[in-house]
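Here the structure is a predicted model, which means the values were calculated and not measured. All chains are named by letter (A, B, ...) in the order of the sequence lines, taking the proteins before the strands, and each is independently numbered beginning at 1. Computed from heavy atoms alone, side chains included, the values below leave out hydrogens, waters and symmetry copies.
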Amino acid sequence: MPELPEVETIKRTLEPKLTGQSFTEALIYLPTIIRIPGIEEFKKEIVGQKIKSISRRGKYLTINLSNNLALIFHLRMTGRLIYCHADEPIVKHTHLILKLDSGNELRFIDVRQFGRIWLVSVQKLNTVSGLKDLGPEPFDKKFTREFLKKELRRRRTRIKPLLLDQTFIAGLGNIYADEALHRARIHPEKLACNLTARETSKLFITIREVLEEGINNRGTTFRDYVDGNGQAGSNQELLQIYNREGQPCLKCKTTIVRIKISGRSSYFCPSCQKE
DNA sequence: CCGTAACCCTGCGTGC
DNA sequence: TGCACGCAGGGTTACG
């Protein structure tokens, strides 16, 4: 599941390879993944465009093109963006191939077909669903301890779903939200407004810690995630709580529990994270 | 404002 | 061995 650290890793692996190249052709195998524009316009508009830079906002990856065009990807759960040579065999679930003038290609592969792609002018970024409503970036100056404290105080929702709410804070997904809560010793069902000042301060720190470690370890690979070169990450080896139901907490040996909160799995330690 | 659930989709684990 | 079934999950949308 590509969350902020995974998308950031893809960005960092693709940027040096793609920058300066131009798209020469688009092969679309699954039209539904492209939200804007229609597939014929998509092909027509992208051919000849030069790649200026790559950027990330939350879990959205944007390839900034000449003529103020933005090619935007959201990988959702199983989406992959891979840079490879045109000779590489085309694997199952390859939905889009963008050919480059170097003879290499950028391929979009997605087993579950949840990923989405937009090609829009930068003036129309607000037509990309979700993008304009994103909350602050966890590493942005605007995301401060005071901001978190203020926002949590007025929210009467449970802390776990709030951390997953991309309009609240951008980039956290199920893995890193659970890791941040465990490290801050906060029960995932605790009401946001009931967090103590100490807990809020700790959470502010641990959100950044788990994301930074995820980036340093080049992402978490359970099954599908790989970087822009097709390489798996290693952060899964360092997770303390996620996907460890029935196993002992690494801090206190208590058996880790999994519950459903708003339809999402939440892993936590009943001893370290009391309600 | 908040919670829940359905939806999109395929692979995989389980039970018969 | 094979089939049916349920689950997994990010984000959007609908509804109470």
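In this entry the distance linking CG of A/Leu164 with P of B/dC2 reads 15 Å, nearest Å. In this structure, the CE atom of A/Met77 is 15 Å from the P atom of C/dC7, given to the nearest Å. Rounded to whole Å, atom C1' of B/dG3 lies 13 Å from atom CG of A/Leu162. Between the CD1 atom of A/Ile33 and the C1' atom of C/dT12 there is a distance of 18 Å, rounded to whole Å. Following rounding to the nearest Å, A/Phe222 (CZ) and B/dC12 (P) show an atom-to-atom distance of 16 Å. Summarising the geometry, the separation between CZ on A/Arg57 and P on C/dG10 is reported as 19 Å, rounded to the nearest angstrom.
Using a 4.0 Å cut-off, no side-chain N or O of A/Lys59 falls inside it from OP1 or OP2 of C/dG10. A sub-4.0 Å separation between OP1 or OP2 of B/dC8 and a side-chain N or O of A/Thr32 is absent. Phosphate contact (OP1/OP2 of C/dG9, side-chain N/O of A/Tyr225, threshold under 4.0 Å): absent. Taking 4.0 angstrom as the limit, A/Gln166 places a side-chain polar atom (N or O) nearer than this to OP1 or OP2 of C/dG11. The phosphate of C/dT12 (OP1 or OP2) has no side-chain N or O of A/His74 nearer than 4.0 angstrom.
Picking from C/dG10, B/dC2, B/dG11 the nucleotide with the shortest atom distance to the side chain of A/Arg264 gives C/dG10. Residue A/Ser129 places its side chain closer to C/dT12 than to any other of C/dT12, B/dG11, B/dC9. Minimum atom distance to the side chain of A/Lys260 is reached by C/dA8, of the listed C/dT12, B/dG11, C/dA8. The listed nucleotides are B/dG3, C/dT12, C/dG10; the one nearest the side chain of A/Arg158 is B/dG3.
Taking the six-membered ring wherever Trp is involved, the centroid distance between the rings of A/His187 and A/Phe268 falls below 6.0 Å. Proximity of the aromatic rings of A/Phe204 and A/Phe147 is defined here by a centroid distance below 6.0 angstrom, and this criterion is not met.
Note on ring orientation: taking the six-membered ring where Trp is involved, the planes of A/Phe108 and A/His95 are tilted (angle from 30° to 60°).
Using a 4.0 Å heavy-atom criterion, one finds that A/Asn174 contacts the sugar-phosphate atoms exclusively. Residue A/Arg76 is classed as a base contact, given a heavy-atom separation below 4.0 Å to a base.
For A/Glu8 (side chain) and A/Arg56 (main-chain N/O), no donor-acceptor pair under 3.5 Å exists by modelled atom type.
A/Arg112 contributes no side-chain N or O that forms a donor-acceptor pair with the base of C/dG10 under 3.5 Å.
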